[in-house]
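See structure below.
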Amino acid sequence: EVQLAESGGGLVQTGGSLRLSCVVSGFSFDDYAIGWFRQAPGKEREGVSCISARTGNTDYTNSVKGRFTISSDNAKNTVYLQMNSLKPEDTAVYYCAAERTSYCSVHGPFYTWEYWGQGTQVTVSS
């Protein structure tokens, strides 16, 4: 059974940090890229960052560049999203997803992401 389990969300003040984790199981981690997406109330879902487990290539949306860092621990089938200098506009439900690719992009269509987690809430207070 394929599972993607997010954790690490919570409430933090502006300027604070959180680290999200996505633990995956049920498929070959090395064949996939893992991405982070977010959706705020009343807004469309957007891609945040992704990383290819095999090649290590990464991609970020412009609004998080320099603040967020994605990394993977292939031995643990886990991808992390370190979020620093958080802003109220980062408030959203964050989802991780998996796409079978060695080169990922968060600027493409969502339908290419095959598996999705249930999400974790991140709230940044002003």
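Because only heavy atoms are used, hydrogens play no part in the values below, and waters and symmetry mates are left out as well, while side chains stay in.
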Rounded distance [0.5 Å steps], NZ in K87 versus OG in S126: 14.0 Å
Test item: S7 and T120 side chains (from C-beta on) under 4.5 Å apart, heavy atoms: no
Heavy-atom pair of closest approach, residues S21 and W36: O-CH2, 3.5 Å
S52 to T101 - nearest heavy-atom pair and separation: OG-O, 4.0 Å
Close side-chain approach of E114 and V2, heavy atoms under 4.5 Å: no
Within 45° cone and under 6.0 Å: R45 NZ/CZ vs W116 ring: yes
For Y103 against N57, the heavy-atom pair lying closest together: CA-OD1, 3.3 Å
Euclidean distance, T14 OG1 relative to E89 CD, rounded to 0.5 Å: 8.0 Å
Pairs touching residues 28-84 that satisfy disulfide (SG to SG under 2.5 Å), sequence neighbours left out: C50-C104
Contact check, side chains of S49 and L81, non-hydrogen atoms, under 4.5 Å: yes
Residues that F110 engages under ring-ring contact (aromatic ring centres under 6.0 Å, His included), provided they are two or more places apart: F37
R38 side chain near E46 side chain, heavy-atom distance below 4.5 Å: yes
Parallel, tilted or perpendicular: ring planes of F68 versus Y94, cut at 30 and 60 degrees: tilted
ILVMFWY cluster, Y32 and V48 together (side-chain gap under 4.5 Å): yes
A98 versus L4, closest heavy-atom pair with distance: N-CD2, 3.9 Å
Nearest heavy atoms of S17 and N84, plus distance in Å: OG-OD1, 2.9 Å
Neighbour count above 12 (heavy atom, 6.0 Å) for Q121 CD: yes
Of all pairs that satisfy salt bridge (charged side-chain N to carboxylate O under 4.0 Å, His left out), the ones with a partner from residues 12-27, not counting sequence neighbours: none
Heavy-atom side-chain proximity of M83 to V122 below 4.5 angstrom: yes
Check: T91 side chain, V124 main-chain N or O, donor-acceptor pair, under 3.5 Å: yes
Student check: side-chain heavy atoms of E6 and L20 closer than 4.5 Å: no
Heavy-atom donor-acceptor pair, T55 side chain to S102 backbone, under 3.5 Å: yes
Pairwise side-chain contact, R100 with F27, heavy-atom cut-off 4.5 Å (strictly under): no
Transitive ILVMFWY side-chain link Y80 to I70, under 4.5 Å: no
For the student: nearest non-hydrogen atoms of S85 and D90, plus distance: O-OD2, 4.4 Å
Single-linkage hydrophobic cluster V64~L18, side-chain heavy atoms < 4.5 angstrom: yes
Exam field: side chain N74 to backbone F29, donor-acceptor pair closer than 3.5 Å: no
Sub-4.5 Å side-chain heavy-atom contact between S25 and N77: no
